[in-house]
A.B. asks: 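Here it is, the structure, as structure tokens.
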Amino acid sequence: MVSLVEMPQAMPQQLSRQNDRRADEVNGAEIMIDVRDLDFAYGANKVLHDVTLDIPPQAVTAFIGPSGCGKTTLLRCINRMNDLIEGARITRGAIHLGGVDINAPEVDVVDLRRRVGMVFQKSNPFPKSIYENISYGLRIAGINKRSQIDEAVEKSLRGAALWDEVKDRLDEGALGLSGGQQQRLCIARALAVEPDVVLMDEPCSALDPIATAKIEELIQELKMQYTIVIVTHNMQQAGRVSDHTGFFYLGKLIEFGPTTKIFTNPSERRTEDYITGRFG
Amino acid sequence: MPPKHILGTFDEALSSLRNNVLMMAGLAERTLDRAVKGLLQRDDNLCTTAIADDEEIDQLEKQIDKEGVDVLLRFQPVASDLRRVVAAMKLSPNIERIADQATNIARRARKLNRHPPLPEVEIIVPIQAHAMAMFKDSTDAFARENVDLGRAVVARDKDLDHMNKMANRRLTDRMAQDPKQLRGYLNLIFISRSLERVGDHATNIAEDAVYAAAAEDIRHQTVATAT
């Protein structure tokens, strides 16, 4: 298996690390994730139809749409989480990350998931200490030097705006944190391995308004360094945090564009009807 | 017509806001009509009624603001809904100012009515007709979401400005020729100016109507960007 990062010579279209080189420098365009003509099916059930969109780097892209429209499926395609579901497969098209086809046989999926972190709807810290939650991914990546891990833990917790709240109790269990803190810990865990992309699947749906505001504020800070893709049912949240919005309906991408445009003057009637609450 | 919202109360709130704007526009139109008729027909009663009507229009402005804020707070509208609410809240102060201009005209008309009629009052007739037509068409553009009509209203403001300028010139000349009627001519100049201001507010309304209908900001366009 080939690491996406460590195979520069063998793969002409090597996956670029955003921290090293931006995707646009590789491709000559402002594209981090290039989804092209994508069809996806769970067994015989086709759930994504001919989806094409370009996700720009260092920006927040939101996917919105009614339940079952395929937005989470597409999100999970970006780090191949759907590989874990039996019978789930891309039947047509491709996704390129920094110019590399993420479904190419030589791509190391573990490495891909390191480059493309994910935060889920419900916070899912390991039943371990706060420190171990962050260090776990680093150890898996082969980093064992204590000083290096300490540095990464602090950097990640600071990056997730959690450091000040937990710095004196890093050895305490992560499950003792509040829901909002647990979600930020999960974000810190994703940041620890220095990804290029962070996928967020309804990251605030289980949080109160204060914890939600903290996560949204964090997203704004994270986009300076990372490409963020967020799935949300909260239209106001999409409007607040995202730079670009894609509206999905029945497995199709109906409209994709700047968030301000989508929420003030969408081009498609179906987008307008959905965001204004006229569906049904 | 767009389909109804899933939330019926949202439709009701938007409908109430729109109806209040249209009612306010209708009242302001009637007030302006009464004020100018009070001048041309030398009818103090019409002038007094026009002045009294202003109170109801002021109250409607407050009501529209309150309902607009309420809709923003309760339903967080987006897209065309948001544009309609924003436009309604921007329309109402312009309509209120038109009613204020009508009140100014009615007050000056009462002053003029105390003196022998001035033949120059006829100068006001075409200016009033132009200003009133602009106002009616601007509210119509909002009510029907008619972008072309809205644009046309904006283009007509220059003609009104010119008419006002010509009226000023003629009335200023008359002031020099007949200084005894100076006060009367001055009142007519102010009435002409009030009608010119009605045109400015109608232009604002038309611009907001275009924004509500098409999400297009046509304010402050130079000739180059407008074409």
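A note on names: the letters A, B, ... follow the listed sequences, proteins ahead of strands, and every chain is numbered from 1.
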A.B. asks: Does CZ in A:R240 sit with more than 12 non-hydrogen atoms of other residues, nucleotides or ligands closer than 6.0 Å?
C.D. replies: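 More than 12 within 6.0 Å, yes.
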A.B. asks: Using non-hydrogen atoms only, which part of B:P3 is less than 4.5 Å away from chain A: side chain, backbone, both, or neither?
C.D. replies: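 Both parts, heavy atoms under 4.5 Å.
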A.B. asks: Heavy-atom count around A:R36 CZ within 6.0 Å, excluding the residue itself: above 12?
C.D. replies: yes
A.B. asks: Could you check which of B:S80, B:A215, B:P77 has the highest count of heavy-atom pairs closer than 4.5 Å to chain A?
C.D. replies: B:S80
A.B. asks: Counting only heavy atoms not in A:E268 (residues, nucleotides, ligands), do more than 12 fall under 6.0 Å from its CD?
C.D. replies: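 Result for CD/A:E268: enclosed.
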A.B. asks: Does the side chain of B:E216 come within less than 4.5 Å of A:N265's, by heavy atoms?
C.D. replies: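 When only atoms from C-beta onward are counted, B:E216 and A:N265 do not touch, as no gap falls below 4.5 Å.
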A.B. asks: Tell me whether A:R269 at atom CZ has more than 12 heavy atoms from other residues, nucleotides or ligands lying less than 6.0 Å away.
C.D. replies: yes
A.B. asks: Rounded to the nearest 0.5 Å, what separates atom CD in B:Q76 from atom CG in A:N234?
C.D. replies: 9.0 Å
A.B. asks: Tell me whether A:H233 at atom NE2 has more than 12 heavy atoms from other residues, nucleotides or ligands lying less than 6.0 Å away.
C.D. replies: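 Yes, because the 6.0 Å sphere around NE2 of A:H233 holds more than 12 heavy atoms from other groups.
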A.B. asks: Looking at B:D81 and A:R278, is there a salt bridge between them, counting it only when a charged N and a carboxylate O are closer than 4.0 Å?
C.D. replies: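 Looking at A:R278 and B:D81, the cut-off is met.
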A.B. asks: What is the distance from atom CZ of B:F75 to atom OG1 of A:T276, rounded to the nearest 0.5 Å?
C.D. replies: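 Rounded to the nearest 0.5 Å, the CZ-OG1 separation comes out at 13.0 Å.
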